[in-house]
K.L.:
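My questions will all concern the structure given below.
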Amino acid sequence: MADEHHEDHGNTLSAWFLTASWLAVWTVGGVAIIMGGDFLLWTGLTLGVSVVCAVIAGVMKKAGMGRKEPRPVPPSREEWEAARASATAGNKA
């Protein structure tokens, strides 16, 4: 399961929007604090804008710009052990 690759894992418009917007928002907030801005003011503004960006990304996901398929469900312990046993038996043959 660890070797599986999911085409839309983090490679969607909503995921990239959220990543880029948070990078920009936190960079601006950090620079403002370094330049002598009020720590609590800029931290609060940055957190607020981050939440707004997360809501926008959620709306984008609901609008079809996010993951298209549900997340894969990991196998149960019994399924995993059976698959491992069959793979081990296949390698011995």
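Every value quoted in this text rests on a predicted model; they were computed, and no experiment measured them.
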K.L.:
Please give me the minimum heavy-atom distance between Ser14 and Gly66, naming the atom from each residue.
P.N.:
OG-CA, 3.5 Å
K.L.:
Please determine whether residues Val28 and Ile34 belong to a single hydrophobic cluster, defined as Ile, Leu, Val, Met, Phe, Trp and Tyr linked transitively by side-chain heavy-atom distances below 4.5 Å.
P.N.:
no
K.L.:
Quick one: does any side-chain atom of Glu79 pair with a main-chain N or O of Ser76 as donor and acceptor, under 3.5 Å?
P.N.:
yes
K.L.:
Mind checking whether Leu13 and Met60 have side chains closer than 4.5 Å, heavy atoms only?
P.N.:
yes
K.L.:
First locate atom CG of Leu18, then atom CD1 of Ile56, and finally report the distance between them rounded to the nearest 0.5 Å.
P.N.:
10.0 Å
K.L.:
How long is the span from the CD1 atom in Ile33 to the CH2 atom in Trp42, to the nearest 0.5 Å?
P.N.:
9.0 Å
K.L.:
With rounding to the nearest 0.5 angstrom, report the CD to CD distance, Glu81 to Glu78.
P.N.:
6.5 Å
K.L.:
Indicate if Leu41 and Val52 have the same hydrophobic cluster label, given that clusters are the connected sets of ILVMFWY residues with side-chain heavy-atom separations under 4.5 angstrom.
P.N.:
no
K.L.:
Have Ser50 and Trp26 got a donor and an acceptor in their side chains that come within less than 3.5 Å?
P.N.:
yes
K.L.:
With a 4.5 Å heavy-atom cut-off, do Thr12 and Phe17 have their side chains touching?
P.N.:
no
